[in-house]
Amino acid sequence: MKQYWEDDGLIEHFLIDEEDILLAKGFTHINKLSFLVLLKFFQLEARFPRDKDEIPNTVLNYIANQLKIDEQEFKKYDLAGRTCIRHRNIIRNFFSFSEYSTKVDEKIYQNLSDFGEWYNVDKLNIEFLEEYRKLKTEPPVTNQLERLIKAYINRKEQELFKYIDDSIPDTTKEHIDYLLKTLEENEYSDNGKEVTLNELKSDPGRIGLESIFKEIDKLEIIRSIGVPSEIFSSVKQDILQKYKLRVASELISELRAHPNHIKYTYLSIFLHIRSRQITDNLVELLIQLIHKISSNAENRVVKEFVKDFKKVGGKFNILLRMAENSLQFPDETIRNVIYPVAKEETLRDLVAELKNNNGAFKGKVFKVIKNSYSRHYRRMLPAVLNALEFKSNNLQHRPVIKALQLIKESYDTDINFFTIDQGLPIDGIMTTTQKKGLLSEDENGQIGIDKKEYEIIVLQALRDKLRCKEIWVKGSDKFKNPELDLPQDFERKRNHYYSSLNKPKDPDPFIEQLQQDLSDSLRNFNNKVNSNPDVRISSKNGGKIILTPFEKQEDPKNIELLKQDVAQRWPMIDLLDILKEVDMQINFTEQIHTMADREIIDSLSRRKRLLLVLFGLGTNTGLKRMSNSSNGEFSYSNLRYIKRKYLNKDNLRNANIQVVNHIHKIRLNNIWGEGSTSCASDSKKFGSWDQNLMTEWHIRYRGRGVMIYWHVEKKSTCIYSQLKSVSSSEVANMIEGILNHSTDFELDKNYVDTHGQSEIAFAFSHLLNFSLMPRFKTINKKKLYITNNSMKSELKNLTPILTRTIDWDLIKSQYDQMIKYSTALKIGTASAEAILKRFTRNSIQHPTYKALQELGKVIKTIFLCEYLLSKDMRIEINQGLNVVENWNSANGFIFYGKSGEISTNNLEDQEISVLCLHLLQNCLVYVNTLMIQRVLNTSEWQEKMGTEDLRALTPLIYNHINPYGRFELDLSERLNLAV
């Protein structure tokens, strides 16, 4: 049963009626309360509670208040006693249920034979319980139900293994056997190409030709084995991923030891997924390499032009004196300020030279690109075009596909000049400027372009189209057909999807509500802006908003005293003991299941090893140091085995979800307030090794690294984390976290900084029913859009910052498509990053992109009107962002090993390190929550904390924590946290 209930839910499910009272007639107070609690629990869950902790306090309190009985009476009730057994029999008879019998198990197996998510234990648990309800049978006890579910999963697994084994050709099986045999001897060779299994598992290295050729070799080896991809079309991706992880965690000897039908299934799934992942990597390498060629050339030419610019006698001094005079005499005329520095003729010459240099700059850059491409990078072209099959659903972008085919066919020929008369595709590939600069005549007077120059232009166009998915790649996941990102059953389930988003099917009421909200917001802002002391509208510089910053709030005095009290009561606690204590209380390590098909380590050793591994990775100290600190109990290989067999993204996310939900559960409302419905999101840069596709140079922070994007709710609990590249979209990351955190927190607000918002973000936030609340860095430049032109006369106070009207017809025409894309985000048919790739500046002509921008302008204008008028809202947003900044600052305290640098090039290992840090920091929040609650519940503190103290209260403190030293894990010792 869920633990958190609103008043509506309590009334709907736990209201005691006359029939309930009649059923409990003649019972004593304690028996009446306990009986009705069991009755209402069974009525909702179709089973009895396993223990009293399953019954939420709010539910118990609600039922007790109706009966006017002290809820403490329930504590005296024995769930295993004879009275309870009698009560259960009465309730079963009342609902016409029977006790559990093994006879119904096979019937349930048959009823669930077509259940698609048979691999998901949590969903299976729900389905099994629902089937028992339908059959009016009480479900078995927990352990027995778990065994039944495992047996069901095993049955479905065997069916899958048989299906795939029967579908694999014999020649493919021979290749797989040869692969395993030769890989045991270290290498598999095909057509002169050699690769090891570890290389097949590995990610690509640094961006360059070597990495591209390595990925192509791996792809060709996998394709030569001949696993038919169509056999996996009916198998869910999550199932395939599960077995791929199992293969990745096993040694060659373990793979060879499996029975043939299992071995062939495992390897074929692994090769199928790796083929798609390697294709993704190859496309990503191509995109980044094309960019690298251009950026390197531009940097080189910039340096040359800077040197030339400095050599021109007097030019630098002229510009310097012009700038100084302009600043010194801003109100004087140009003739009085500028001409004394340089004659009019000199200025004309200077303008002409700079204009000429601008064209020369672009020409020089292209020349350097051509030289670099011709001498070094061009040799990748045939291999890439043979390995990748590019496609497009849009006729407008077919010329790029046609051009690639032309380049492929002519690569090894003597043709060095393409002529337009031969049907050369240039429209949609070359810009007007490129046509002017690069098209020329050959010796026969025919207009065309140099072959290598054309190849460069086509590759640059290809990069742009790949990034916005106007061109896609067959056999890829990240760059697959964009139509597959959308729900394929949208036409059939349109009503359901509209209802799930709480949006009308007819666009007219949707637009009418938007128009009303926009008009009301603008009128309200116009009426109140002159009386608001914090906001001024200036007509200077085309109109700007002047917003007075709010004063810094005073630090509450009692917070520092509270930290000191906590440190005195629990001085210098080892961080490892924090992790251990949380696991002892909530057993989150149960969520970290082995990826093998069986478990051979006893539960105590497994738990200790898991905690040491989680700590070593979460602090970045590494597994060697943890094994050295275990006094010889566990070797380095023991800990590596645990990491290899147990740690993956899904397991660690589930462990984090359990910790987050328990933090939510243990909080006392009188201290932390009612349940939070808002969170803040922001990124933090971490240094990392750079022989991989994730690590990039960060322009703002000056250094190579990756970004971790955190979603942190208002009381410092991190509900979601993502490892992303520096150039990834913060808008996509923000949406991903809001939709996929899977915790008990129900979020309806998200605070972000300037980088986390855009008009597209505002549009999707409205369609997905949460409020995007950014802090704007350039608030003075913002403009307000109006409902219609007639409103301008009403909004005299806002005239300088008003701009055009909204294109309502465009929103109406694309309304169904916008709902379709929003549905894809909500149900997860594709990641937010994949969906938002379609809506970038490269796809500016996309009609749905234009409509989303218009919708975003509406929501952004409504938000701006409220944001500018409400000082409380601006303070609320600032406080939310301060919370995530505090979370970021604690990262360095915990992730201190190796100078805080992620020291691996393996992307899976990078993500595991991030999730271990996430888990460790949430565990600190959990224990600190209990400590603070214990302190504040003492008599000396109960009246000391004021409203401002409680507002500033955070459980993310660490002045009493020791993250360093020699770590010894003793499961027999506990922290004293009892209230």
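Hydrogens, waters and symmetry mates play no part in the numbers below; they use all other heavy atoms, side chains included. Remember, it's a predicted structure, so these values are computed and weren't measured experimentally.
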Which is it for Ile149 and Asn125 under the side-chain contact (heavy atoms from CB on, under 4.5 Å) test, yes or no, and what are the steps along the way? CA-CA 7 Å; Ile149 290 174; Asn125 191 67; 3.8 Å; yes

Kindly determine whether Phe762 and Val858 satisfy side-chain contact (heavy atoms from CB on, under 4.5 Å), including the steps that lead there. CA-CA 9 Å; Phe762 273 105; Val858 176; over 6 Å; no

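- When the shell of 6.0 Å around NZ of Lys474 is examined, it contains 12 or fewer heavy atoms from other residues, nucleotides or ligands.
- A ring-centre distance under 6.0 Å is found for Phe510 and His766.
- At a cut-off of 3.5 Å, with distance as the only test, no side-chain donor of Ser716 or Asn886 sits close to an acceptor on the other residue.
- Taken to the nearest 0.5 Å, the CD atom of Glu284 stands 6.0 Å off from the CG atom of Leu693.
- In this structure the side chain of Asp506 never reaches within 4.5 angstrom of the side chain of Tyr815, judged on heavy atoms.
- The backbone N or O of Ser729 sits less than 3.5 Å from a side-chain atom of Asn733, completing a donor-acceptor pair.
- Judged purely by atom type and a 3.5 angstrom limit, Asp744 has no side-chain atom pairing as donor or acceptor with the backbone of Asn661.
- Under the 3.5 Å distance criterion, the side-chain polar atoms of Arg775 are left unmatched by any main-chain donor or acceptor of Asp753.
- Side-chain N or O atoms of Gln488 include one that pairs as donor or acceptor with a backbone N or O of Leu486 at under 3.5 Å.
- Taking SG of Cys679 as the start and NZ of Lys714 as the end, the distance is 11.0 Å to the nearest 0.5 Å.
- The two residues Met734 and Ala761 make their nearest non-hydrogen contact at CE-CB, 4.1 Å.
- Taking the side chain as every heavy atom from C-beta outward, Lys715 and Ile663 never approach each other to under 4.5 Å.
- In this structure, Lys244 does not pair ionically with Glu908, as no charged nitrogen and carboxylate oxygen lie closer than 4.0 Å.
- The backbone N or O of Leu285 sits nowhere less than 3.5 Å from a side-chain atom of Gln288 that would complete a donor-acceptor pair.
- Residues Ile153 and Tyr119 form no side-chain contact, since every pair of their non-hydrogen atoms from C-beta on lies 4.5 Å or further apart.
- Because its NZ or CZ atom is both nearer than 6.0 Å to the ring centre of Phe686 and within 45° of the ring axis, Lys684 counts as a cation-pi partner of that residue.
- Using a 4.5 Å heavy-atom threshold, the side chains of His741 and Leu747 count as touching.
- In this structure, Leu647 and Ile912 approach most closely via the heavy-atom pair O-CD1, 3.5 Å.
- Contact detail for Ala832 and Leu825: the closest heavy-atom pair is CA-CD2, 3.5 Å.
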Side chain to side chain donor-acceptor pair (under 3.5 Å) assessment of Trp472 paired with Asn393: CA-CA 9 Å; Trp472 52 276; Asn393 302 330; 3.1 Å; yes

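- By the side chain to side chain donor-acceptor pair (under 3.5 Å) test, Arg276 pairs with Asp477, sequence neighbours left out.
- Residues Met873 and Glu866 form a side-chain contact, since some pair of their non-hydrogen atoms from C-beta on lies under 4.5 Å apart.
- A donor-acceptor contact shorter than 3.5 Å links the side chain of Asn648 to the backbone of Asn651.
- Between the side chains of Tyr751 and Glu876, a donor-acceptor pair is found at a separation under 3.5 Å.
- To the nearest 0.5 Å, atoms NE2 (His918) and CG (Leu723) are separated by 13.5 Å.
- The closest side-chain heavy-atom distance from Phe588 to Leu614 is below 4.5 Å.
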List the steps, then state whether side chain to side chain donor-acceptor pair (under 3.5 Å) holds for Tyr849 with Gln853. CA-CA 6 Å; Tyr849 174 59; Gln853 279 195 313; 3.3 Å; yes

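- Using modelled atom types, no side-chain atom of Ser721 and backbone atom of Trp710 make a donor-acceptor pair closer than 3.5 Å.
- More than 12 heavy atoms of other residues, nucleotides or ligands sit less than 6.0 Å from atom NZ of Lys242.
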Test log, rule side-chain contact (heavy atoms from CB on, under 4.5 Å), inputs Leu617 and Leu915: CA-CA 9 Å; Leu617 297 176; Leu915 288 167; over 6 Å; no

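- With values rounded to the nearest 0.5 angstrom, His698 atom NE2 is found 7.5 Å from Lys685 atom NZ.
- Using a cutoff of 4.0 Å between basic side-chain nitrogens and carboxylate oxygens, Lys505 and Asp816 are not scored as salt-bridged.
- A distance of 7.5 Å separates CG in Asp748 from OG in Ser678, rounded to the nearest 0.5 Å.
- The aromatic rings of Phe490 and Tyr497 lie parallel to each other, with less than 30° between the two planes, well short of the 60° mark.
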Check against side-chain contact (heavy atoms from CB on, under 4.5 Å), Leu852 and Phe764: CA-CA 8 Å; Leu852 284 166; Phe764 276 121; 3.8 Å; yes

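- The shortest distance between side-chain heavy atoms of Thr743 and His664 does not fall below 4.5 Å.
- Nearest heavy-atom pair across Asn922 and Cys718 is ND2-O, 2.9 Å.
- Taking every heavy atom of both residues into account, Asn888 and Ser683 meet most closely at ND2-O, 3.8 Å.
- Gln513 and Asp517 are linked by a side-chain donor-acceptor pair at a separation below 3.5 angstrom, with hydrogens and angles left out of the test.
- Between the Gln658 side chain and the Ile586 main chain, a donor and an acceptor come within less than 3.5 Å of each other.
- In this structure, Arg653 satisfies the cation-pi test against Tyr720, with its NZ or CZ atom closer than 6.0 Å to the six-membered ring centre and inside 45 degrees of the ring normal.
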Go through it in stages, so that I can follow the logic: the residues are Asp807 and Lys850, the test is salt bridge (charged side-chain N to carboxylate O under 4.0 Å, His left out), and I'd like the CA-CA distance, side-chain angles, deciding distance and then a yes or no. CA-CA 10 Å; Asp807 188 344; Lys850 289 181 176 179; over 6 Å; no

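- Residues Gln910 and Thr904 bring no donor and acceptor atom of their side chains to less than 3.5 Å of each other.
- No donor-acceptor distance shorter than 3.5 angstrom exists from the side chain of Ser476 to the backbone of Thr279, with no hydrogens or angles considered.
- Inter-residue side-chain proximity for Leu956 and Asn928 is flagged as unmet; no heavy-atom pair is nearer than 4.5 Å.
- Pairing each heavy atom of Gln921 with each of Ala890, the nearest pair is NE2-CB, 3.4 Å.
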